[in-house]
Peer 1: 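Sharing a structure below in structure tokens format, with a few things to ask.
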Number of protein chains: 2
Amino acid sequence: MAGVTTAAAEPTGPDHPATADALPLTDAGGAGADRPRRARGEQTRQLILETALRLFRERGYAETTMRAIAKEAGVAVGNAYYYFDSKEHLIQGFYDRNQAAHRAAAEHVLATEKNLAPRLRGVLHAGIDVNAPYHSFAATFFKSAAEPSSPLSPFSRESSPAREAAIAIFRDVVEGSAAKLDPELRRELPELLWLGWMGVILFWVYDKSPEQRRTRRLIDGAVPLIDRLVSLSRLRVLRPALRQVLALIDNLRRDD
Amino acid sequence: MAGVTTAAAEPTGPDHPATADALPLTDAGGAGADRPRRARGEQTRQLILETALRLFRERGYAETTMRAIAKEAGVAVGNAYYYFDSKEHLIQGFYDRNQAAHRAAAEHVLATEKNLAPRLRGVLHAGIDVNAPYHSFAATFFKSAAEPSSPLSPFSRESSPAREAAIAIFRDVVEGSAAKLDPELRRELPELLWLGWMGVILFWVYDKSPEQRRTRRLIDGAVPLIDRLVSLSRLRVLRPALRQVLALIDNLRRDD
DNA sequence: AAGCGAAGTTGAACGTGTTCAAGAAGGGTG
DNA sequence: CACCCTTCTTGAACACGTTCAACTTCGCTT
């Protein structure tokens with residue numbers, strides 16, 4: 001979510017905050033009519049984003065036109081493009097918000113549970129909880145994220161801060177747990193769990209069962225399995241296999 | 001690739017052939033001016049598909065307009081929509097073709113190798129070989145496949161025949177191998193390997209390294225790993241874990 | 001106060017995928 | 001031949017995402 005690097009349109013305006021839910025713009029600190037100095041447009045930006053996300057929720061992504069967003073927000077369509085490079089870029093705002101909500105929803109279980117399995121399970125369920133209201137339109141805009149060149153891709157450079165924040169949650173899952181495990185595995189595990197989380201999201205997007213129950217079952221089934229495999233990885237017979245996994249990961253990190 | 005089920009536009013015209021590369025339409029059997037009886041439009045269909053795929057390759061998917069395809073093919077733009085529900089539907093033709101090519105490219109290694117690892121490795125590399133020329137535009141249209149509701153999704157009902165054909169390759173990989181393994185695992189392995197193959201494709205689409213070398217390294221690293229894990233799964237200590245994996249898969253197959 | 005320049009705002013215009021009412025072609029019947 | 005009906009073909013028209021040159025607003029300097 002750092003400044004968009006592609007090219008032209010992004011104004012020099014302030015980067016939208018990575019995790020904060022809503023900036024206290026209106027009356028920052030002061031008591032009365034203290035006008036915000038440099039954030040004149042920030043208000044417009046928020047208004048457009050707010051309106052867009054509401055319409056997305058109400059009508060779906062594809063069915064919401066940029067003209068409708070602009071009209072509903074009371075601005076010209078070109079104004080929306082002053083703050084957001086494209087319709088897809090509006091989704092980034094959605095990401096950030098949900099990312100923060102996920103973190104908040106996971107807080108409790110991370111603070112109380114001490115074992116790896118329930119910590120992981122709690123974080124995963126929290127993630128689904130947070131996203132559940134958007135399942136129908138998440139599926140619609142999901143394609144945007146799939147395009148490798150899109151800044152919305154979870155692997156893109158533009159998503160890097162959001163990705164790091166997400167990985168941080170899983171780092172917390174691992175580091176806060178009492179489990180004894182191979183140090184190298186411990187180092188790699190957060191990123192691996194995040195990758196698994198992306199897989200869960202993928203599964204969830206495709207999940208057509210009522211209330212996405214299959215995704216819940218996937219989590220409930222996969223977590224004990226992961227827990228078991230992590231424990232087993234300390235066995236003598238499995239050490240070479242573990243080393244092999246870690247070597248592969250390391251090998252794939254190279255960029256050439 | 002069976003008839004599109006969505007709704008209106010698809011004509012009652014014959015389903016396009018699943019695997020055949022090009023129908024011998026022009027002068028079927030006869031010596032001279034023997035006009036094909038019912039396949040009047042089939043020629044147009046092929047012409048449009050051919051033209052589209054060529055332009056996709058030459059200019060990329062997004063850069064190729066429906067108007068350009070129509071013009072190049074010498075038909076009206078509406079005519080393309082008579083045979084294909086949308087621009088994306090043109091891609092299905094690409095799928096079918098590559099699916100057949102993959103099968104053909106895998107034939108040799110499947111006929112000569114007897115062990116699981118080299119069979120799998122050969123099939124995976126063959127798949128990348130076949131797709132390599134299209135890497136740049138595969139990435140572009142990949143998003144189409146990602147949308148769950150799209151008929152292009154590898155999990156969609158419309159893709160089911162193509163999916164089955166793909167899984168059949170991996171069934172061949174497993175059944176043709178001499179490896180001794182758990183019967184239930186043997187039954188599930190083809191589908192699991194196909195799923196892994198989808199993962200490899202996903203990796204490949206995102207792979208920006210020269211000639212997608214990272215994907216090659218992924219294959220070369222993952223195959224021995226899979227081979228090892230499959231062997232290890234027969235160990236006493238790992239039986240419960242294996243059962244747990246299989247139970248999870250079975251649990252997730254339920255549709256509710 | 002006057003002027004300047006950056007920030008913010010506008011809406012017509014462009015090219016796109018897609019639709020549709022209208023028509024043409026062709027072959028089977030009487 | 002005249003008639004129909006199905007199959008096939010057409011291109012103007014529509015709504016959409018996006019661009020851009022012009023304009024306004026506003027804080028700051030002189």
Side-chain angles (χ1 to χ4, degrees), chain A residues 3-4 6-15 25 34-48 51-52 55-56 59-71 73-91 140-141 143-144 147 150 152, chain B residues 4 6-14 25 33-48 52 55-56 59-71 73-91 140-141 143-144 147 150 152:
Chain A
V4 169
T6 40
E10 182 80 354
T12 51
D15 277 343
L25 275 179
D34 194 17
R35 200 80 54 70
R37 286 147 242 217
R38 302 228 116 214
R40 211 165 83 245
E42 189 60 21
Q43 224 161 165
T44 314
R45 185 195 189 101
Q46 293 293 339
L47 173 64
I48 292 170
T51 309
L55 293 185
F56 288 167
R59 318 179 181 177
Y61 178 73
E63 290 71 25
T64 303
T65 69
M66 290 300 280
R67 285 169 179 79
I69 295 171
K71 189 170 193 178
V75 300
V77 60
N79 203 2
Y81 281 93
Y82 181 73
Y83 292 101
F84 300 92
D85 277 0
S86 74
K87 188 182 176 186
E88 295 192 352
H89 275 76
L90 285 164
I91 300 177
T140 321
F141 79 63
K143 56 189 289 192
S144 304
E147 187 161 27
S150 165
L152 289 176
Chain B
V4 171
T6 41
E10 182 81 353
T12 51
L25 276 179
D34 193 17
R35 201 78 53 70
R37 287 149 240 216
R38 303 229 115 214
R40 211 163 85 246
E42 188 60 20
Q43 224 163 164
T44 314
R45 186 196 191 100
Q46 293 293 339
L47 172 65
I48 292 169
L55 291 185
F56 288 167
R59 317 179 184 178
Y61 178 74
E63 290 72 25
T64 303
T65 70
M66 289 301 280
R67 285 169 178 79
I69 294 171
K71 189 169 194 177
V75 300
V77 61
N79 203 1
Y81 281 92
Y82 181 74
Y83 292 101
F84 300 92
D85 277 0
S86 73
K87 188 182 175 186
E88 294 192 353
H89 275 78
L90 285 163
I91 301 176
T140 321
F141 79 64
K143 55 189 289 193
S144 305
E147 187 160 29
S150 165
L152 289 176

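A note on names: the letters A, B, ... follow the listed sequences, proteins ahead of strands, and every chain is numbered from 1. Because the structure is a prediction, the values reported are computed rather than measured.
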Peer 1: CZ of A:Arg45 versus C1' of C:dA7: gap in Å, rounded?
Peer 2: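 Roughly 14 Å, once rounded to whole Å.
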Peer 1: Identify which nucleotide among C:dG17, D:dT18, D:dT9 has an atom closest to any side-chain atom of B:Tyr82, counting heavy atoms from C-beta outward.
Peer 2: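 For B:Tyr82, the side-chain atoms sit closest to D:dT9.
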Peer 1: Could you state the CD-C1' distance from A:Glu88 to D:dC16, rounded to the nearest angstrom?
Peer 2: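 Result: 14 Å.
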Peer 1: Where do B:Ile48 and B:Ala80 come nearest, in terms of heavy atoms and distance?
Peer 2: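 It is CD1-CA, 3.8 Å.
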Peer 1: Considering only C:dG8, D:dT9, C:dT16, which nucleotide approaches the side chain of B:Arg67 most closely?
Peer 2: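 Selected nucleotide: C:dT16.
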Peer 1: Within a strict 4.5 Å, meaning less than it, do heavy atoms of the A:Ile69 and A:Leu90 side chains meet?
Peer 2: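 Side-chain contact under 4.5 Å: yes.
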Peer 1: Choosing from C:dG17, C:dT19, C:dA12, which nucleotide comes nearest the side chain of A:Val77?
Peer 2: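 The closest nucleotide is C:dA12.
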Peer 1: Can you tell which of C:dG17, D:dT9, C:dT9 lies closest to the side chain of B:Asn79?
Peer 2: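 Nearest to the side chain of B:Asn79 among the choices is D:dT9.
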Peer 1: With a 4.5 Å cut-off on side-chain heavy atoms, are A:Met66 and A:Phe84 touching?
Peer 2: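 Contact flag for A:Phe84/A:Met66 side chains = no.
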Peer 1: On DNA chain C, check which nucleotide each of B:Ser86 and A:Val75 is closest to and give me the residue with the more 5' one.
Peer 2: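 Nearest nucleotide further toward 5': that of A:Val75.
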Peer 1: Quickly work out the A:Glu63 CD to D:dG17 P distance and round it to whole Å.
Peer 2: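 Distance check: A:Glu63 CD to D:dG17 P gives 10 Å.
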Peer 1: Measure the distance from NZ on B:Lys71 to C1' on D:dG11 and round it to the nearest whole Å.
Peer 2: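 For the pair B:Lys71 NZ and D:dG11 C1', the rounded distance is 14 Å.
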Peer 1: Given D:dT18, D:dC8, C:dT9, which nucleotide is nearest the side-chain atoms of A:Tyr81?
Peer 2: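 Nearest to the side chain of A:Tyr81 among the choices is D:dT18.
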Peer 1: Among the candidates D:dT10, C:dG11, C:dG8, find the nucleotide nearest to the side-chain atoms of A:Tyr83.
Peer 2: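 Between D:dT10, C:dG11, C:dG8, the one nearest the side chain of A:Tyr83 would be C:dG8.
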Peer 1: On the six-membered ring of B:Tyr82, is B:Arg45 placed so that its NZ or CZ lies under 6.0 angstrom from the centre and within 45° of the ring axis?
Peer 2: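 No; the conditions do not both hold, so B:Arg45 does not lie above the ring face of B:Tyr82.
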Peer 1: Could you tell me how far apart A:Leu47 (CG) and C:dG8 (C1') are, to the nearest whole angstrom?
Peer 2: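 Distance check: A:Leu47 CG to C:dG8 C1' gives 14 Å.
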Peer 1: Please state how far atom NE2 in A:His89 lies from atom C1' in D:dT18, giving the value in whole angstrom units.
Peer 2: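 That distance rounds to 13 Å.
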Peer 1: In whole angstrom, give the distance that lies between atom OH of B:Tyr61 and atom P of C:dG17.
Peer 2: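 Rounding to the nearest Å, OH of B:Tyr61 and P of C:dG17 are 8 Å apart.
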Peer 1: Whole Å only: how far is the CE atom of A:Met66 from the C1' atom of C:dA12?
Peer 2: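 Between C1' of C:dA12 and CE of A:Met66: 17 Å.
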Peer 1: So do the side chains of A:Glu88 and A:Tyr61 get within less than 4.5 Å of each other, counting heavy atoms only?
Peer 2: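 Sidechains of A:Tyr61 and A:Glu88: in contact.
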